[in-house]
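Notes follow the structure.
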Amino acid sequence: RWIACATSDRPIRWAFVGRIVLYPVDGGEPRPLAYTSDGQSSLIGWSEDGQEVYAWESSGVTSQIWALPVTGEPGRPITDDERLKTLPAINRRGQIAFVGQDFHEPNAVYLLDPAAGETSCIARPAMPEDWPDAPLPRAEVIRWKAPDGLEIEGILIYPLDYEPGRRYPLILEIHGGPA
């Protein structure tokens, strides 16, 4: 009875803001669903019972998956972890598969069961044979306030031989967006 579609914001505030909107198949008024925390949601699909639509969006240096009730009530995040999630897809049982990675683990395929609230790793590709057997550097997300009060987020990667109290050169790579 409804078609879920990711649409731009009206009126348009900037290029990437949008939300999920339900359009009735027989015509009539569209039903905008709740905004996600960053207002940049991408559609994944419907819950098994048709009462929610799943969406995915970036959240700082990670990404999260949301359940948006078809009633328009506020959505709820159904993941809250440090994995960067990409390529989400949903099956007929309402389970969501995605590729996930974090600072400590390379890409792997995960299966999320939203009804049970459980995520499990279902496949971890082997590393190439010539992959170095060496430790990964320590990395952490840091946050600070800009002069206008906006919270800025970055990733600090330490040298492999890091020693607290010792001074090190800093390389800064500035991301070009959002606007």
Side-chain angles (χ1 to χ4, degrees), residues 1-103 107-122 141-155 174-179:
R1 301 181 354 210
W2 297 91
I3 297 171
C5 182
T7 65
S8 63
D9 212 11
R10 299 279 184 209
I12 296 172
R13 293 181 286 162
W14 74 288
F16 299 104
V17 174
R19 67 194 313 176
I20 307 299
V21 176
L22 301 181
Y23 293 90
V25 173
D26 296 331
E29 286 299 309
R31 182 186 299 170
L33 301 185
Y35 279 105
T36 50
S37 65
D38 203 31
Q40 298 183 59
S41 55
S42 297
L43 180 65
I44 299 173
W46 290 87
S47 64
E48 187 177 17
D49 63 6
Q51 297 303 303
E52 295 177 316
V53 173
Y54 298 126
W56 153 75
E57 78 174 356
S58 294
S59 178
V61 299
T62 67
S63 52
Q64 303 304 336
I65 297 174
W66 286 74
L68 304 173
V70 297
T71 59
E73 294 170 358
R76 62 183 170 80
I78 54 176
T79 60
D80 182 22
D81 58 51
E82 295 181 1
R83 282 186 208 100
L84 177 65
K85 297 160 199 69
T86 56
L87 304 170
I90 192 165
N91 66 20
R92 290 184 181 169
R93 290 186 286 170
Q95 299 168 314
I96 300 169
F98 62 88
V99 175
Q101 66 177 342
D102 62 23
F103 293 138
N107 285 342
V109 179
Y110 291 86
L111 186 65
L112 166 65
D113 183 342
E118 297 174 356
T119 301
S120 57
C121 180
I122 59 171
V141 175
I142 58 172
R143 294 174 180 84
W144 63 94
K145 294 279 184 190
D148 66 358
L150 180 69
E151 185 176 80
I152 306 293
E153 185 174 66
I155 302 170
I174 300 172
H175 186 278

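Every heavy atom of this structure was used, including side-chain atoms; hydrogens, water molecules and symmetry mates were not.
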Practice task
Indicate yes or no: does Arg92 engage Glu48 in a salt bridge with an N to O separation below 4.0 Å.
Solution key: no
Taking the side chain from Glu57 and the backbone from Ser37, do they hold a donor-acceptor pair closer than 3.5 Å? yes
*asked:* Tell me whether Glu151 at atom CD has more than 12 heavy atoms from other residues, nucleotides or ligands lying less than 6.0 Å away.
replied: yes
For Asp80, does the CG atom have more than 12 heavy-atom neighbours from other residues, nucleotides or ligands under 6.0 Å away?
no
Residues Pro114 and Ile78: closest non-hydrogen pair is CB-CD1, 3.8 Å
Pair Leu68-Tyr54, side-chain contact (heavy atoms from CB on, under 4.5 Å): steps then yes or no:
CA-CA 6 Å; Leu68 304 173; Tyr54 298 126; over 6 Å; no
Can you tell me if CD on Glu82 sees more than 12 non-hydrogen neighbours from other groups inside 6.0 Å?
-> no
**OP:** Please answer whether the main-chain N or O of Pro32 pairs with a side-chain N or O of Arg19 as donor and acceptor at a distance below 3.5 Å.
**Re:** no
Q.
For the backbone of Val61 and the side chain of Glu153, can you confirm whether one donor and one acceptor N or O come within less than 3.5 Å of each other?
A. yes
Distance col, row Leu111:CG vs Ile96:CD1, nearest 0.5 angstrom, shows 9.0 Å
- Message: side-chain hydrogen bond (donor to acceptor under 3.5 Å, both in side chains) for Gln51 and Asp49? Distances and angles first, verdict last.
- Response: CA-CA 6 Å; Gln51 297 303 303; Asp49 63 6; 5.3 Å; no
If you draw a 6.0 Å radius around CG in Asp26, do more than 12 non-hydrogen atoms from other residues or ligands fall strictly inside? no
Here the pair of heavy atoms bringing Val141 nearest to Phe103 is CG2-CE1, 3.8 Å
Any sub-3.5 Å donor-acceptor pair from Ser59's side-chain atoms to Ser63's backbone N or O?
no
Determine whether the side chains of Thr79 and Asp81 contain a donor N or O and an acceptor N or O closer than 3.5 Å. no
Check whether any side-chain N or O of Asp113 sits under 3.5 Å from a backbone N or O of Ala115 as a donor-acceptor pair, and report yes or no. yes
